[in-house]
There are 2 protein chains.
Amino acid sequence: MNDEPKSISIKDIAEALNISIGTVDRALHGRRGVSEKTKTRVLKTAEQMGYKPNLAAQALKLNRRISIGVVLPKHISYFFDPLRAGIRAAAGAAMGSQISLEFHEYPRIGSGDIEALEAAHARKYDGLIFLPGDIQRFSPLIRKISRSGTPMMCVGSDAPDTGRIGSVSAHAYISGSIAAELLAHKLPRKANVAILTGELSTLDHAEKLSGFAATLAIQAPHLTLMPTLEGHEKPKEAYRQALTLMRQKDRPEGLYLSTANSIAVIEALEELGLLGKVQVVATDLFQDLATLIKSNKILATLYQRPFTQGKVAFENLVAYLTRGNLESPVVQLAPHIVLRSNLPLFASRISETDEGEPESDSLE
Amino acid sequence: MNDEPKSISIKDIAEALNISIGTVDRALHGRRGVSEKTKTRVLKTAEQMGYKPNLAAQALKLNRRISIGVVLPKHISYFFDPLRAGIRAAAGAAMGSQISLEFHEYPRIGSGDIEALEAAHARKYDGLIFLPGDIQRFSPLIRKISRSGTPMMCVGSDAPDTGRIGSVSAHAYISGSIAAELLAHKLPRKANVAILTGELSTLDHAEKLSGFAATLAIQAPHLTLMPTLEGHEKPKEAYRQALTLMRQKDRPEGLYLSTANSIAVIEALEELGLLGKVQVVATDLFQDLATLIKSNKILATLYQRPFTQGKVAFENLVAYLTRGNLESPVVQLAPHIVLRSNLPLFASRISETDEGEPESDSLE
DNA sequence: TTGAAAGCGCTACCAA
DNA sequence: TTGGTAGCGCTTTCAA
């Protein structure tokens, strides 16, 4: 129970000490021009009186109009659209909405990403939210921009040791781990399982694979992990790989789709009449996947909570910009395990299946 | 891309229209004392110029020191302690922390709850956060306090049709539904399953039971739901019921513990040598449960995210108090499905197993 | 080293 | 129906 009949201000402190409010302000903020003696006196009485700065007044006076640039790909829209929405929501709720937001977009990871980030940097925002794509290519740029004084906040993935101030993402290793455990529960006897992995971010996919493999080894030694199929950036490629995989005689009975192109793989399964016979754990959530879960065609999907990622990334960046530090710089969200039973809870967050790859080879 | 070189104020609008800022303010807020004509003119130019109120200035001027009372039980601490922590965290992050918080506690649901709420009401807070216990007993009081003008925010459960402004809880029906689906996945053949339900809140437990039963019927017709064991408020009672249940010849192979006394049931299972042989889905998360999950003794637990519940309840109450309305009054969170694989993600949120029932009959 | 005072954008009150 | 103005708590500049 904290009883403060009325909040006390620097004026109260000034009066109690018979000094001016200017001096109190200087002492409180450790600015130069105060004698050590008065400074400690002020600090002590402030403590005693339970002084807390009035943030409204502070904000009003300083009236710093924070500008934030957001650099994210268009594709995959069912992931990045809600992520952007989360950023917008957080910005709307933030004090004053005095914060200006600008969104920069590029087609997809690996195509125009570096350029977009450089362009954004040129606009000299107070802070930057961005997706670190291919770490190898991004790292030098992140380091450069960070050193130039612009706080960088990673979202969707992380880029450690680059000077970025923090990151928000779904826990990739544990995503893989969950997928393995779910498959293990559904496949009680000896069987093969496989992982199909892909774009988004190299780092995250490596992590997911690690988690998947490690958990299989520990919790489900009866399941054998087949050679990983990786690097299909395009649906058609994913489709072909899936067909080949599922036609071989030791075909897997469980599949972990950590890729964005899960629909292409699903189509391959359907064509072979294996949909519903093979246990599938997918990633992310969109309309077509929801339908498949509802009809028991796939077991589960691991929802990476893009909306929350955007929201938290924004909040943390603003916290850093205003308060100057971050209590937990690296946030790794718990992915939601979406099954048939809890699917309705995510209905409001489901977006259309991503259409758009006009320039790539589409799936028929 | 929104470019606003500098944010515009009511002064700008006033100058543009050659009127005083007082008039602009009146028009903008629909206060009386403005002609319809000037009002529409102001509204239109405000729209055109893209006026957004400076919330800092507004807050500074109004300087309303919002007071919020929180009325929650001590027991069960592993649920209500993090819930309180969530409220505190949200209060700390809120603009100015100009909001005063007071916590009221009572031993447990049904013992001193009504009295505590009445006592809190007597302190005339601007808003109240509380757990609606037994709906039958609470409803009249909630209605009364609401009508007296104090906004009431339910947390942990809901109390519909009482005049409360909103609620935050885990989705009880879907919790039951998830439990059924998890058991169905692990028990592929004909078997009996049972639910042990208990205190917390009557409404929620009925909901969990509904979800469990309905999902069993639809998704797992091969599983038979045995008569529900309900109403054991005390560990010893839960323990006895569990012993009796598991000793009968058609004993269940799957158990859903929607009760707070899961540990007592677990002890019964252990005694009978059934721990690990019977599939168990529990509720909430605390140290002993975490240990059991880690060692594969129980399948999963449904984490009701008390911290988040507290945080959201506070944020929504404050939003209501300041902005006057709520976009989504009833929030039903998706419970986290905690398995062995994703347990580490929740480690930081795990509290000690609740000890405290000095006055009740303890378990040996 | 310290004091005095202006002013951030807004609300509310009093006067016209 | 309108205009004018004090002042919320803070930062900052200019004088002393």
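Every heavy atom of this structure was used, including side-chain atoms; hydrogens, water molecules and symmetry mates were not. In the text below, chain A, chain B and the rest are named by the order of the sequence lines, each starting its count at 1.
The separation between A/Ile13 atom CD1 and D/dG9 atom P is 13 Å, rounded to whole Å. Remark: C1' of D/dG3 and CG of B/Leu17 are 15 Å apart, rounded to the nearest angstrom. For the pair A/Lys37 NZ and C/dT1 P, the computed distance is 12 Å after rounding to whole Å.
When all heavy atoms are compared, the tightest approach of A/Gln309 to A/Val168 is OE1-O, 3.5 Å.
Using a cutoff of 4.0 Å between basic side-chain nitrogens and carboxylate oxygens, A/Asp81 and A/Lys74 are not scored as salt-bridged. Look at A/Asp158 and A/Arg164 and you find a salt bridge, because one of the NZ, NE, NH1 or NH2 atoms lies within 4.0 Å of a carboxylate O, short of that distance. The pair A/Glu105-A/Arg84 counts as a salt bridge, with a side-chain nitrogen and a carboxylate oxygen less than 4.0 angstrom apart.
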For A/Leu117 and A/Phe138: C-alpha separation, side-chain torsions, deciding distance, then whether side chain to side chain contact (heavy atoms under 4.5 Å, CB included) applies.
CA-CA 9 Å; A/Leu117 192 53; A/Phe138 265 79; 3.8 Å; yes
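For an aromatic pair to be called close, the ring centres must be under 6.0 Å apart, and A/His121 with A/Phe130 fails this.
Rounded to 10°, the helix from C/dT1-D/dA16 to C/dA16-D/dT1 has 40° between the axis fitted to its first five pairs and the one fitted to its last five.
Of the residues A/Lys11, A/Arg31, A/Lys61, the one that meets the salt bridge (charged side-chain N to carboxylate O under 4.0 Å, His left out) test with A/Asp25 is A/Arg31.
Taking 4.0 angstrom as the limit, A/Thr38 places none of its side-chain polar atoms (N or O) nearer than this to OP1 or OP2 of C/dT1. OP1 and OP2 of C/dT2 both lie 4.0 Å or more from every side-chain N or O belonging to A/Thr23.
Within the structure, the side-chain hydrogen bond (donor to acceptor under 3.5 Å, both in side chains) test picks out the following pairs touching residues 36-48 of chain A (sequence neighbours left out): A/Ser35-A/Thr38.
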Its contact letters, B for base, S for sugar-phosphate only and - for none at protein heavy atoms under 4.0 Å, make nucleotides 6-16 of chain C read -BBBBBBB---
